[in-house]
**Student:** 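Submitted below is the structure of interest, expressed as structure tokens.
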Amino acid sequence: MSKQTNFMRTAIFVALSAAFPFAEVQADDEIDALVNPNATEATFKLPYMDKVNPLYRQYNGVNQTGISGNIDLNIVNRNNQGQWFKLQAENLGLSTQEIGISYEQQGDWALGLDYNQIPRYAPYQVNTAVAGIGSNQITQPSYANGAFSGGTLTNPVVYETNLKTQRDIATLSASKFLMEGLKLSFSFKNEEKTGTRMDGVRGVAGTGTPNRYSGYLFSPEPINQSHQQFEATLDYSAAKFQLSAGYYGSFLSAKNNSLAIVGGTNTALVSTGAGGLSPIALSPDNQVQQIYVNGAYNFTDSTRGSLKVAYSEGRQNENFLFRTDVNPGIGSNLDAKVQTTEAFASLTSRITKDFKLLGSWRYEDKSDKTPVRLFYTGYPNNPESHVANWGKAEADYRIGGGFSINGGFDYTHKRSLEWERREVEELTTRLSLRKSMGETVNGTITLAHADRTGSDWEGGNPTIYPVYLADRQREKVRGMVDWSPAERLNLQFAYEAFFDKYTKSAYGLDSGEGQVFSFDANYDISDNWKLNGWYSKQTGNIQQNMQGAVCSGTGTCASGTTTFRTGGLIQWDAKLNQDSDQFGFGITGKLSVFDVGAKYFYTRDLTKQEISPLPATTCLNAACTSTGVVATGMGIIPDAKYTQNTFSLYGTYQVSKATKLRLDYIYDLRKMDDYTWQNWVYADGTRIYVKPEQTTQIFGISLIQSF
């Protein structure tokens, strides 16, 4: 792709061109680019990867060592009749390729076609003996009874398999001006998603060794879905008003509606009978359609109003699996239907040159007309209907000296007859101070306070309050500063945080907070060398109060070995911490005839769960006349940590006016410490493994040719 910079022809640029010869050259280049925009450029890339690592390959689509050649294309052609042809393509030859083609008559009509692929590999190494992965029927391995010890495979024979999904997306778009101010647009997007996704299902006891498959079985989900999206709009624009009407439709079709599991020699894994495991229902087909009208009207030069009205309906009526033992008498399908009506209106007005007002209101009526049915689990589905309103009032006043003050109120009210709390409302008050148009310093700071309350709880106060319905007080702060202490140096600082406090229930969420800080710097060392760097930190934690039972003894809580506490419950609390850091810097410059650059990127994500100390003993009976020692390590959950270090170098050499040669080197180190998958073994012998440290190196050579 072309790296040429296009300078806007501003008053400052014109003044520079009169004083410095280089500015005049840049002006000539810009004029030539506007008058003669035609370009044909191809980049031939030959990257070499030394090894395949699950974390690095997750999204880059390369699953082989060695050279993976690919091509980029950039073609722009404009004729004297104002017709444009553009073709842009990246990574041709890889599973991440993107292609975009457009042809248009400027100011009249346009056609476009885009295609891209998005792969995703599972970031784990999977070793299994399960057969049929990727199809809608998988077979559990057959083992002799002697291969089990206490219901666990002692030496399973497994092979390595790759779990991957692939999305192939094609989009067709077209537009035409039917008359002055009236434009018709249409787009169609088709996405095919195929592959397998890691999943598991709880087994049932089979023949032979007791509980042979009573643990979790490896049952990767086959993905074979088609998703179509249609959108058509008719837009009209006049001097005082604009109007747009449109249709949007989304249709998801899954070619696999069930997954059959064949149990090998385990006769308990059958497709019929009350204890049967197979088949398993997969994602059903569904669709949603929406019609909408948007409009805006300029009452005066300083007052503008807008209005949007939309109606949508979602349906899910694919037939249930035929299992009379599982869902007797509930009908052939869910017959789900959700109808939503939305309306939005806003009005803005500049009362004086320094004073501006804004007001808006949004209304949503969601009606869930899905029938209530009692399923095999003994629980019914839970349709949810609600009516919601969002209101905003805001005032902005310039107080002089480049400062302005902004204040406002945000109001939310939601009501549903199906919630434990029928009505919930929240009022947010916010105030901000902004400094703009300064020569060296610009910035803003905003403070906000939100208070959420609601009606009485149905059936009395619950033991634990649902988070989205509970009373909550939230404090928010947001600030940003743009500072240029020197002509060649620019610094930006940003900070945002929220602090939540919930009404305390018997147990459940008590408080939470999140903070984000970022710093960006750009420094022009000289006309040829530029340096940039950035740092970002995100932290978050939630505090919850809990009560419950713990096991006594040092074994598991199985009947006959240890018992649950049967007296009063033990009070304890838990705190979940999430901490993330990102850091990066880059430098670009010129060494003789070479353009060179280097980049470094570092990220660290840490999840930590802290549980308060539990008592040393627990009751063995209701009267608590005897106690037992709490199991060692009870309540301790290891940390989960992920880090990435990526360093890259590049250099380009201008062989001729039309030819460039580029060299690249990338060193990538990733570490994952996730206790969830450490030594995880499914009951059928499948092993999931994450290599704790993965290093990848890439050497690349590219030829950039202009025609």
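Basis for what follows: all heavy atoms, side chains included, without hydrogens, waters or symmetry-related copies. For the single chain, residues carry numbers from 1 onward in sequence order.
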**Student:** A side-chain contact here means heavy atoms from C-beta on lying under 4.5 Å apart; do Asn91 and Glu98 qualify?
**Tutor:**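 Asn91 vs Glu98: side chains apart.
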**Student:** Evaluate the side-chain proximity of Ile688 to Met198: yes if any heavy-atom separation is below 4.5 Å, no if none is.
**Tutor:**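 Result yes, sub-4.5 Å side-chain heavy-atom pair found.
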**Student:** Would you please say whether a donor-acceptor pair under 3.5 Å links the side chains of Asp168 and Tyr115?
**Tutor:**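 Indeed, the side chains of Asp168 and Tyr115 share at least one donor-acceptor pair under 3.5 Å.
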**Student:** Go through it in stages, so that I can follow the logic: the residues are Leu703 and Thr659, the test is side chain to side chain contact (heavy atoms under 4.5 Å, CB included), and I'd like the CA-CA distance, side-chain angles, deciding distance and then a yes or no.
**Tutor:** CA-CA 7 Å; Leu703 178 66; Thr659 306; 3.6 Å; yes
**Student:** Nearest heavy-atom pair of Leu92 and Gln97: which atoms, and what distance?
**Tutor:**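 Heavy-atom minimum between the residues: CA-OE1, 3.7 Å.
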**Student:** Quick one: salt bridge (charged side-chain N to carboxylate O under 4.0 Å, His left out) partners of Arg120, sequence neighbours excluded?
**Tutor:**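 Checked Arg120 against salt bridge (charged side-chain N to carboxylate O under 4.0 Å, His left out); zero matches.
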**Student:** In this structure, are over 12 heavy atoms from other groups packed under 6.0 Å from Lys537 atom NZ?
**Tutor:**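 Enclosed.
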**Student:** Shortest non-hydrogen contact from Pro222 to Asn136?
**Tutor:**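 It is CG-CA, 4.1 Å.
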**Student:** How far apart are the closest heavy atoms of Ala42 and Leu73, and which atoms are they?
**Tutor:**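 In this case the closest contact between Ala42 and Leu73 is CB-CD2, 3.6 Å.
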**Student:** My understanding is that only residues two or more places apart in sequence, or in another chain, count here; which of them pass salt bridge (charged side-chain N to carboxylate O under 4.0 Å, His left out) with Asp668?
**Tutor:**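 Partners of Asp668 under the salt bridge (charged side-chain N to carboxylate O under 4.0 Å, His left out) test: Arg670.
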**Student:** Rounded at 0.5 Å granularity, tell me how far OH in Tyr682 sits from CZ in Arg687.
**Tutor:**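 Tyr682 OH to Arg687 CZ: 13.5 Å, rounded to 0.5 Å.
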**Student:** If a pair satisfies salt bridge (charged side-chain N to carboxylate O under 4.0 Å, His left out) and one of its residues is in residues 693-707, list it, with sequence neighbours excluded.
**Tutor:**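 Found Lys671-Glu693.
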**Student:** Could you tell me whether the side chains of Ser536 and Ser518 share a donor-acceptor contact shorter than 3.5 Å?
**Tutor:**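 There is no such pair between these side chains.
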**Student:** Apply side chain to side chain donor-acceptor pair (under 3.5 Å) to the pair Gln697 and Tyr665, showing each step before the final yes or no.
**Tutor:** CA-CA 7 Å; Gln697 296 187 79; Tyr665 170 71; 2.5 Å; yes
**Student:** More than 12 foreign heavy atoms under 6.0 Å from CD of Glu160: is that the case here?
**Tutor:**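 Counting neighbours around CD of Glu160, more than 12 heavy atoms of other residues, nucleotides or ligands fall under 6.0 Å, so yes.
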**Student:** Check whether Asn528 reaches the backbone of Gly589 with its side chain - one donor and one acceptor, N or O, closer than 3.5 Å.
**Tutor:**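 Side chain of Asn528 to backbone of Gly589, a donor-acceptor pair under 3.5 Å: no, none is there.
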**Student:** Residues two or more places apart in sequence or in another chain: which of them pass side chain to side chain donor-acceptor pair (under 3.5 Å) with Gln225?
**Tutor:**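 Not a single residue meets the side chain to side chain donor-acceptor pair (under 3.5 Å) criterion with Gln225.
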**Student:** Under a 4.0 Å threshold between the charged nitrogen and the carboxylate oxygen, would Glu41 count as salt-bridged to Lys660?
**Tutor:**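 Result for this pair is no, no salt bridge flagged.
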**Student:** Looking at Gln140 and Phe218, would you say the former's side chain and the latter's main chain have a donor-acceptor pair under 3.5 Å?
**Tutor:**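 Present.
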**Student:** Is the shortest distance from a Lys or Arg side-chain nitrogen in Asp199 or Arg197 to a carboxylate oxygen in the other one below 4.0 Å?
**Tutor:**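 No, Asp199 and Arg197 are not salt-bridged.
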**Student:** Pair Arg57, Asn162 - check side chain to side chain contact (heavy atoms under 4.5 Å, CB included), show working.
**Tutor:** CA-CA 11 Å; Arg57 74 174 179 187; Asn162 291 317; 3.2 Å; yes
**Student:** Start with the C-alpha gap between Tyr653 and Phe594, add the side-chain angles, then the distance that decides, and say whether ring pair (Phe, Tyr, Trp, His ring centres under 6.0 Å) holds.
**Tutor:** CA-CA 5 Å; Tyr653 172 66; Phe594 296 95; 5.4 Å; yes
**Student:** Would you say Arg167 and Ile169 make side-chain contact, with heavy atoms under 4.5 Å?
**Tutor:**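 Yes; the side chains approach each other to less than 4.5 Å.
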**Student:** Is the shortest heavy-atom distance from the side chain of Asn70 to the side chain of Pro47 under 4.5 Å?
**Tutor:**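 When only atoms from C-beta onward are counted, Pro47 and Asn70 do touch, with a gap below 4.5 Å.
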**Student:** Quick one, Asn224 and Thr194 - any side-chain contact, counting heavy atoms below 4.5 Å?
**Tutor:**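 SC-SC contact between Asn224 and Thr194 confirmed.
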**Student:** Check whether the side chains of Glu192 and Asn190 place a donor and an acceptor atom closer than 3.5 Å, and report yes or no.
**Tutor:**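 Looking only at side-chain atoms, Asn190 and Glu192 do form a donor-acceptor pair, the distance falling under 3.5 Å.
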**Student:** Go through the structure and list residues passing salt bridge (charged side-chain N to carboxylate O under 4.0 Å, His left out) with Arg604, not counting sequence neighbours.
**Tutor:**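 Salt bridge (charged side-chain N to carboxylate O under 4.0 Å, His left out) list for Arg604, sorted by chain: Asp579, Asp581.
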**Student:** Between Leu663 and Phe699, is the side chain to side chain contact (heavy atoms under 4.5 Å, CB included) condition met? List the steps.
**Tutor:** CA-CA 8 Å; Leu663 298 177; Phe699 305 85; over 6 Å; no
**Student:** Take Thr695 and Tyr56, measure what side chain to side chain contact (heavy atoms under 4.5 Å, CB included) needs, and give me the verdict at the end.
**Tutor:** CA-CA 9 Å; Thr695 302; Tyr56 189 85; over 6 Å; no
**Student:** So, do Tyr600 and Asn645 sit near enough that their side-chain heavy atoms are less than 4.5 Å apart?
**Tutor:**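 The answer is yes, as the side chains (C-beta and beyond) meet within the 4.5 Å cut-off.
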**Student:** So, taking the atom named CD in Gln705 and the one named OG in Ser656, what distance separates them when rounded to the nearest 0.5 Å?
**Tutor:**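 Between atom CD of Gln705 and atom OG of Ser656 there are 6.5 Å.
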**Student:** More than 12 non-hydrogen atoms from neighbouring residues, nucleotides or ligands closer than 6.0 Å to CH2 on Trp483, yes or no?
**Tutor:**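 Counting other residues, nucleotides and ligands, CH2 of Trp483 stays at 12 neighbours or fewer.
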**Student:** Tell me every residue that passes salt bridge (charged side-chain N to carboxylate O under 4.0 Å, His left out) with Lys575, counting only those two or more places apart in sequence or in another chain.
**Tutor:**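 Listed in chain order: nothing, the list is empty.
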**Student:** Ion pair present between Arg488 and Asp527, side-chain N to carboxylate O less than 4.0 angstrom?
**Tutor:**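 Yes, Arg488 and Asp527 are salt-bridged.
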**Student:** One pair to check against side chain to side chain donor-acceptor pair (under 3.5 Å): Gln582 and Ser580. What are the steps and the verdict?
**Tutor:** CA-CA 7 Å; Gln582 294 90 35; Ser580 177; 2.5 Å; yes
